[in-house]
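Naming: A, B, ... by sequence-line order, numbering from 1 per chain.
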Number of protein chains: 2
Amino acid sequence: MATIKDVARLAGVSIGTVDRIIHNRGRFASGTARRVKQAIQDLDYTPDIRARNLSLSRKCRIAVLMPSGEQDSGYWQLPLGGMKRALAELASSHVSADFFHFDRYNAETYRAAFARMSESEYDGYIVAPLLAAETEKMFEDIYQNKPVVFFDTDIKSAPRYSFIGQNSKDAGRLAAKLTNLMTRGCKKRIVAVTPDAENEHLLYRLDGFTEKAELPVTIFRLPAEGKALKNRLEELKGLIREEVCAVYVTDSSAHVIAELLEREKLSDRVNLLGFDMVPDNVSYLQKGVIDFILTQRPVDQGVLSIQTLYKKVIIGTDSEDEQFLPIDIITLENMKTFADGRF
Amino acid sequence: MATIKDVARLAGVSIGTVDRIIHNRGRFASGTARRVKQAIQDLDYTPDIRARNLSLSRKCRIAVLMPSGEQDSGYWQLPLGGMKRALAELASSHVSADFFHFDRYNAETYRAAFARMSESEYDGYIVAPLLAAETEKMFEDIYQNKPVVFFDTDIKSAPRYSFIGQNSKDAGRLAAKLTNLMTRGCKKRIVAVTPDAENEHLLYRLDGFTEKAELPVTIFRLPAEGKALKNRLEELKGLIREEVCAVYVTDSSAHVIAELLEREKLSDRVNLLGFDMVPDNVSYLQKGVIDFILTQRPVDQGVLSIQTLYKKVIIGTDSEDEQFLPIDIITLENMKTFADGRF
DNA sequence: TGCCTTTGCGTTTACGTTAACGCAAAAGCG
DNA sequence: CGCTTTTGCGTTAACGTAAACGCAAAGGCA
């Protein structure tokens with residue numbers, strides 16, 4: 001491997017000159033530049049990253065703005081775990097992160113977390129921009145000179161460096177295909193359960209599903225918690241008992257329906273399909289109450305978010321504008337190959 | 001982040017002494033060692049890998065011994081691609097590899113490739129040890145002082161550093177579950193097509209399948225090529241036409257059966273399930289002739305093989321003895337999320 | 001011609017770690 | 001007691017790159 005010294009020798013100049021020409025900094029004669037560039041080509045010279053970073057003593061301080069881990073049945077623990085793992089691996093490369101959590105159903109906490117984050121300056125930002133309206137303007141200033149990565153949800157109108165996530169419509173279509181398979185011969189309906197709160201990518205999961213489903217689909221909205229939830233579940237129970245052969249849940253709360261099915265001894269007759277390997281879902285999958293879980297590798301999303309900023313800030317290489325992860329199908333038989341938390 | 005200088009200052013010694021104590025090299029007084037270790041603890045000091053590697057000017061030359069890319073319907077291109085990608089990313093960290101390919105159906109070429117590989121010395125080895133009997137002894141000497149990674153197939157009796165691959169029995173079970181789903185209501189049989197040649201992990205894929213299949217399974221052995229293959233296919237055709245509702249193929253050659261089904265217009269009536277996203281399989285999946293493809297992330301296997309050696313040789317951290325990858329289920333609806341070659 | 005500015009480039013230090021080298025003090029030995 | 005050996009530890013060069021600094025030569029101007 002050629003070093004900057006070899007280049008300098010071949011071009012007949014000093015390493016300082018080579019460095020200046022590489023970085024287009026300071027002053028140099030155009031003829032010299034040509035010779036140096038030729039030498040770089042001839043020797044196939046690439047700077048040694050280790051030496052570069054050592055010399056720059058670059059650090060990468062990252063700010064992460066996301067919901068607290070427990071929300072959505074513990075879903076956010078998954079990307080969080082991925083980030084922590086990636087950070088541990090990159091710790092000796094001077095990559096570190098501060099986490100700012102908010103309540104995704106409370107815009108005020110989002111703004112507060114953002115404010116706390118803004119107190120220091122970071123080299124890069126990772127954000128789950130769940131509150132579209134609030135996010136639009138927030139990152140405009142920051143984006144001027146620091147990379148901002150969105151994960152989970154994309155906001156096309158907001159400025160960002162890269163998006164890491166899922167293609168939700170395809171996920172819905174896939175769910176429909178599996179549901180069709182399971183309900184072959186069944187003459188009743190499918191219930192699609194989706195949260196009360198508006199969320200763009202859950203809408204896509206519904207759209208894709210209804211597009212491909214071969215049985216009639218009844219959409220059933222469910223509040224997040226409390227008495228309203230209880231009442232609605234009671235209603236749902238009646239519906240399921242009578243005329244339903246499968247239930248599709250668009251978010252990570254399939255375990256709520258699973259509990260209902262189990263209690264009412266409906267689980268043999270009614271197929272259930274949901275999203276995300278949160279602990280409650282995993283245990284109902286294991287019992288056979290949930291038939292399929294789809295995921296979009298939330299842990300990998302976390303890992304990739306950190307790595308994307310590391311590459312940008314420390315190595316200096318750019319990533320794709322959109323980074324989609326595969327949609328995985330998980331069932332009783334392959335769950336344990338996913339289960340060690342690495343996926 | 002604390003440096004060795006800080007440690008030295010706190011312990012009241014020079015950096016040379018600290019270094020000697022860290023590496024347990026040369027001579028030092030036991031009292032000094034205690035003080036230095038305390039200081040390391042107090043400051044939470046970890047050596048900077050970049051500086052360490054720069055100083056050691058460590059290189060990692062890797063030898064890869066595997067079948068040539070075209071074999072097995074182009075399967076080996078997949079891990080090969082993963083290795084190339086990982087190598088490209090690590091190029092400026094002085095990781096490089098030489099590839100030695102063989103014909104997996106010809107033991108002589110395996111030995112020849114091994115001999116060529118043995119002409120130089122490498123810092124690490126990646127091997128697809130498909131010929132169990134030959135491999136047993138081969139790596140004993142090498143393993144004495146260099147890490148050897150097996151991928152795809154494990155040989156428990158041979159010495160190795162780590163294995164990267166799949167749990168084949170689980171894959172078979174999963175295949176059975178999906179086949180059961182697809183053939184619900186069908187009263188005929190399933191044909192399990194498997195290559196003539198002996199291969200341990202294909203046996204496991206059969207075992208797992210027959211264990212969980214709900215219909216009777218007929219095992220049908222297929223030669224690799226030539227006239228024998230043609231005759232056997234003719235035979236298979238008769239079998240399928242009469243009394244079969246699904247075909248399960250244990251290796252990457254599902255496309256051979258797919259072609260047969262398509263030609264004989266049997267694809268609507270007979271379900272087909274196979275392994276590996278090789279180009280031919282992908283196109284039959286797209287046409288709907290193949291219903292499901294299972295994979296064990298061959299590309300990731302390649303990436304992980306390189307990374308495992310990089311971590312061992314350059315960073316100095318050990319990996320697990322066995323590294324299993326998740327079993328993925330791929331169908332028409334989620335195939336495009338896998339299709340960009342990154343998975 | 002003398003002085004000042006600009007241009008082009010070489011020199012040097014720093015980044016943090018490793019490891020060779022060698023010096024002083026202590027210990028061993030006749 | 002004087003000599004050699006051992007012990008303990010400090011100093012230093014090297015890894016490859018970045019960037020500040022400053023020197024010499026050339027050019028500009030009166």
Rounded off to whole Å, could you give me the [atom1]-to-[atom2] distance for the [X] and [N] pair?
X        : N       : atom1 : atom2 : value
Leu43(A) : dT17(D) : CG    : P     : 12 Å
Asp48(B) : dT17(D) : CG    : P     : 17 Å
Ile21(A) : dT7(C)  : CD1   : P     : 16 Å
Leu54(A) : dA14(C) : CG    : P     : 14 Å
His94(A) : dG16(C) : NE2   : C1'   : 9 Å
Phe28(A) : dT6(C)  : CZ    : C1'   : 16 Å
Ile22(A) : dC9(C)  : CD1   : C1'   : 15 Å
Ile4(A)  : dA18(D) : CD1   : C1'   : 8 Å

Test: Asp48(A) and Lys5(A) ion pair at under 4.0 Å: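 So Asp48(A) does not pair with Lys5(A) through a salt bridge.
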Asp318(A) bridged to Lys311(A) by N-O distance under 4.0 Å: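 Salt bridge: no.
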Donor-acceptor contact present, side-chain [X] to main-chain [Y], <3.5 Å:
X         : Y         : result
Tyr161(B) : Ser319(B) : yes
Thr308(B) : Leu304(B) : yes
Ser68(B)  : Glu70(B)  : no

Difference in axis direction between the ends of the helix from dT1(C)-dA30(D) to dG30(C)-dC1(D), five pairs, 10°: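 For the helix from dT1(C)-dA30(D) to dG30(C)-dC1(D), the axes at either end differ by 60°.
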Under 4.0 angstrom between [X] side-chain N/O and [N] OP1 or OP2:
X        : N       : value
Ser14(A) : dG10(C) : yes
Thr17(A) : dG10(C) : yes
Thr32(A) : dC9(C)  : yes

Trace of the salt bridge (charged side-chain N to carboxylate O under 4.0 Å, His left out) decision for Asp123(A) with Arg58(A): CA-CA 10 Å; Asp123(A) 305 304; Arg58(A) 275 196 190 158; over 6 Å; no
Sugar-phosphate only, base, or nothing, as touched by Arg27(A) at under 4.0 Å among non-hydrogen atoms: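 Since a base atom lies under 4.0 Å of Arg27(A), the category is base.
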Heavy-atom pair with the smallest gap, counting every atom of Ile4(B) and Tyr45(B):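 Heavy atoms only, the tightest pair is N-CE1, 3.4 Å.
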Distances for protein N/O vs nucleotides 19-21 of chain C N/O pairs under 3.5 angstrom?
{"unit_1": "dA19(C)", "atom_1": "N7", "unit_2": "Asp19(B)", "atom_2": "OD2", "d": "3.3"}

Minimum-distance nucleotide to Ser55(A) side chain [options: dT17(C), dT17(D), dC9(C)]: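 Comparing dT17(C), dT17(D), dC9(C) against the side chain of Ser55(A), the answer is dT17(D).
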Ring centroid separation Phe150(B) to Phe163(B) under 6.0 Å: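 Aromatic pair excluded; centres sit 6.0 Å or further apart.
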Verdict with supporting geometry, Asp321(B) and Arg160(B), salt bridge (charged side-chain N to carboxylate O under 4.0 Å, His left out): CA-CA 9 Å; Asp321(B) 178 60; Arg160(B) 57 158 176 71; 3.0 Å; yes
